[in-house]
Amino acid sequence: MASLAPDADVLTIGELSERSGVPASALRFYERQGLLRSHRTSGNQRRYPRATLRQVAFIRASQSVGIPLSDIGAVLGFLPDDAEPTQEFWERASACWKDMLNTRIKRLERMRDLFTDCIGCGCLSFDQCALINPGDKLGRHGPGPRRLVNDYAPIADDAG
Ligand code: FES
């Protein structure tokens, strides 16, 4: 890989850290995870294209709503090399993630409601506690190893 002379089109890790407010250690971590790319000087110092600043903003905004780094990296992988996430790119990603967040929020609300039943209970019972055995689907087939008995036939929503 060709080394780059210091110029206005690239940022050192210190400059990127200062401009973004993200610690250099986190920037190096993002790079190890494949979310950011740098070029190396002949002295093996990192140089980031200017577009990296918006990539870092994209990562931080996504992380702030709980998007896993692996998902963020997968989406950033659609960007051409050294391209910055445009406004449209962020709009599309955030719209997609909004649906995922709404699904996660609904699941958490359901778990919170089930958890409320546990407060003050302490039974931790596989038979009674819906958190431990949500829905008890096989329990509707009767006692014992239901999948192993000859008359087992799934009920319509067993898979859900
Ligand atoms: S601990 Fe008893 S219902 Fe969950």
Side-chain angles (χ1 to χ4, degrees), residues 11 13-38 46 48-49 51-160:
L11 299 168
I13 193 165
E15 290 167 336
L16 184 60
S17 174
E18 189 178 323
R19 294 280 306 276
S20 64
V22 176
S25 57
L27 296 172
R28 284 191 292 271
F29 176 74
Y30 293 154
E31 194 172 334
R32 281 197 306 276
Q33 298 300 307
L35 278 75
L36 300 178
R37 284 183 292 268
S38 68
R46 290 176 167 86
Y48 296 93
T52 308
L53 199 51
R54 272 187 69 90
Q55 292 173 2
V56 172
F58 182 94
I59 293 167
R60 297 304 264 195
S62 305
Q63 275 192 299
S64 72
V65 290
I67 305 299
L69 281 182
S70 56
D71 291 355
I72 299 169
V75 170
L76 282 175
F78 288 111
L79 281 176
D81 271 1
D82 299 345
E84 66 176 32
T86 61
Q87 184 175 352
E88 183 194 359
F89 189 84
W90 170 243
E91 281 173 5
R92 290 178 61 191
S94 55
C96 174
W97 286 334
K98 183 180 174 192
D99 292 342
M100 192 180 83
L101 284 174
N102 283 336
T103 302
R104 192 184 299 168
I105 287 167
K106 280 185 191 143
R107 190 174 61 82
L108 283 171
E109 285 174 344
R110 219 172 31 247
M111 297 310 284
R112 179 203 55 204
D113 293 344
L114 293 173
F115 183 62
T116 300
D117 293 340
C118 293
I119 295 172
C121 175
C123 71
L124 292 176
S125 163
F126 284 99
D127 295 330
Q128 304 296 317
C129 181
L131 279 181
I132 299 169
N133 188 9
D136 190 18
K137 290 175 181 164
L138 289 180
R140 291 179 297 155
H141 294 272
R146 301 316 304 168
R147 290 190 198 276
L148 300 178
V149 297
N150 290 337
D151 64 343
Y152 172 74
I155 295 176
D157 65 342
D158 274 359

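Whatever order the structure lists them in is the order used to number ligands and atoms, beginning at 1. No hydrogens, no waters, no symmetry mates; every other heavy atom, side chains included, goes into these values. Everything quoted here is computed from the prediction, not taken from an experiment.
Heavy atoms of other residues, nucleotides or ligands lying less than 6.0 angstrom from CZ of R19 number 12 at most. For Q128, the CD atom is loosely surrounded, since the number of other residues' heavy atoms within 6.0 Å does not exceed 12. Counted within 6.0 Å of CD on Q87, heavy atoms from surrounding residues, nucleotides or ligands total 12 or fewer; the atom is thus considered open. Around the CD atom of E18, the shell of radius 6.0 Å holds no more than 12 heavy atoms that belong to other residues, nucleotides or ligands.
Numbered from 1 in the order shown, with element, the atoms of ligand 1 that lie under 4.0 Å from a heavy atom of C121 read 1 (S), 2 (Fe), 3 (S). Short contacts between ligand 1 and C118, defined as distances under 4.0 Å to a heavy atom of the residue, involve ligand atoms 1 (S), 3 (S), 4 (Fe). Which parts of ligand 1 touch C129 is read off a 4.0 Å heavy-atom cut-off, strictly below it: atoms 1 (S), 3 (S), 4 (Fe).
L124 N, 3.4 Å is the protein heavy atom nearest to atom 1 (S) of ligand 1.
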